[in-house]
Amino acid sequence: MSDVQPNKIPVTVLTGYLGAGKTTLLNRILSEPHGKKFAVVVNEFGEIGIDNDLVVGADEEVFEMNNGCICCTVRGDLIRIIDGLLRRKNDFDGIIVETTGLADPAPVAQTFFVDETVGAKTALDAVVTVADAKWLKDRLKDAPEAKNQIAFADVILLNKTDLVSETELKDVEMRIRAINPFARIHRTQKSDIAIDKVLGQGAFDLDRIQAIDPDFLEGGHKHFHDEDMQSYSFSSDKPLDPDRFFPWIQELTQREGPNILRSKGILAFKDDPDRFVFQGVHMILDGDHQRPWRDDEAKTSRIVFIGRKLDPKALEAGFLSCVA
Ligand SMILES: Nc1nc2c(ncn2[C@@H]2O[C@H](COP(=O)(O)OP(=O)(O)OP(=O)(O)O)[C@@H](O)[C@H]2O)c(=O)[nH]1
């Protein structure tokens, strides 16, 4: 890893559309034996914080910003968190900001130039975008955020290569190149990549960004938000019955998969001492036990759905029907 500006703390902005593999990459970075300590800032679109609970690493401090898009309402929070971090000297080697899948990375990157205190002490090392090889093509058609995440990237992980053919991979690579001819592209599965291909890149190029976005250093920002995008989260303090939950979620995501872009949850099943983490990207589901529930935490099941044309009443009724 090269330290490009030795007196400044390097910042990596981790972006990519919903479910592309950002948290998977973050966990890889944090789990590697690099001897470095990172401060991590995560931002998610749902009302109930789930992402911070999915980030590994006891040594890392995870700052969570919910209830808003990092590029808009919570940008002040980002500045405050980073400002607070900067007051603590020599405490960490780098900052990693994981944005929501729906964030436009431009205003996030802008924070590190426009805010004086933050700008004086940090250096934006790279915008790293994780792209979902299976779904990116569709999102480039209907989600401008996905396109901006590619356009602003210095490094792109073309992830989930296991889900597509070589021909499809070449096609999506070509589409990426058409939007961004400069980024380094790495094909990955489960965001598996050497850390020195992601951190310490010294890759963020202000001139290139100003060529895309001439107002980049102006401070204000105007950008598109998908007003149709909804997020609903539900929770229950009563244990769930896995024999009810899995058939329900299977049927729901098969039926509503195109509209449910992302679902995820931390679940407490009856007679199960472990937390179960459930993940869905459209109709592709995944899940695993994470760790035992601790005595000092409430065994609350939390689930979030992000998508379009969602029916919150039906989702809630379905979720609550899974209570054991
Ligand atoms: N098949 C396959 N699944 C993957 C791969 N990488 C990640 N996943 C799965 O995709 C799902 C989403 O991964 P995350 O890392 O949580 O994605 P994310 O970008 O952080 O998601 P959001 O923060 O919700 O936008 C999880 O179930 C992962 O296990 C991959 O290369 N192949």
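Indexing begins at 1, ligand by ligand and atom by atom, following the structure's order.
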- Message: When you compare ligand 1 with Gln189, is there at least one nitrogen or oxygen pair between them that comes in under 3.5 angstrom?
- Response: no
- Message: Are Phe276 and Phe269, when compared by the centres of their aromatic rings, separated by less than 6.0 Å?
- Response: yes
- Query: Got an N/O contact under 3.5 Å between Val281 and ligand 1?
  - Reply: no
- Message: Under 3.5 Å between any N/O of Thr188 and any N/O of ligand 1: does that happen in this structure?
- Response: no
- Message: Residue-level breakdown please: for Leu163 versus ligand 1, do any non-hydrogen atoms fall below 4.0 Å on the side chain, on the backbone, on both, or on neither?
- Response: side chain
- Hits for side chain to side chain contact (heavy atoms under 4.5 Å, CB included) against Lys121, two or more places apart or cross-chain, chain-then-number order -> Leu86
- Item | Interfacing atoms of ligand 1 (cut-off 4.0 Å, heavy-atom, Asn159) | 5 (C), 6 (N), 7 (C), 31 (O)
- Item | Polar proximity ligand 1 side, Thr161 side, N/O cut 3.5 Å exclusive | no
- Quick one: does ligand 1 sit under 4.0 Å from the side chain of Asp162, the backbone, both or neither, non-hydrogen atoms only? side chain
- Task: Check for a donor-acceptor pair, side chain of Asp125 on one end and backbone N or O of Thr12 on the other, with a separation under 3.5 Å.
- Result: no
- Aromatic contact, Phe245 with Phe319 (centres under 6.0 Å): no
Please tabulate, one pair per line, all N/O donor-acceptor pairs under 3.5 Å involving side-chain atoms of residues 153-161, not counting sequence neighbours.
from	atom 1	to	atom 2	distance (Å)
Asp154	OD2	Val127	N	2.8
Asn159	OD1	Thr188	OG1	2.9
Asn159	OD1	Lys190	N	3.3
Asn159	OD1	Ser191	N	2.8
Asn159	ND2	Ala20	O	2.9
Asn159	ND2	Ser191	OG	3.4
Lys160	NZ	Gly19	O	2.8
Lys160	NZ	Asp132	OD2	3.1
Thr161	OG1	Thr188	O	3.3

- Of the side chain and backbone of Asp286, name the one, both, or neither that has a heavy atom under 4.0 Å from an atom of ligand 1. side chain
- Task: Show which atoms of ligand 1 fall inside a sub-4.0 Å distance from at least one heavy-atom site of Lys264.
- Result: 22 (P), 23 (O), 24 (O)
- Message: Taking atom NZ as the centre, does Lys313 end up with more than 12 heavy-atom neighbours from other residues, nucleotides or ligands that are less than 6.0 angstrom away?
- Response: no
- Item | Geometric class of the Phe305/Trp248 ring pair [parallel <30°, tilted 30-60°, perpendicular >60°] | perpendicular
- Message: Using modelled atom types and a 3.5 Å cut-off, is there a donor and acceptor pairing between side-chain atoms of Arg262 and backbone atoms of Gly280?
- Response: yes
- Message: Check for me whether Val130 has a heavy atom closer than 4.0 Å to any atom of ligand 1.
- Response: no
- Candidates Lys160, Lys134, Arg262, Glu98; heavy atom nearest atom 4 (C) of ligand 1 found on Lys160
- May I ask whether Ala20 has any heavy atom positioned less than 4.0 angstrom from an atom of ligand 1? yes
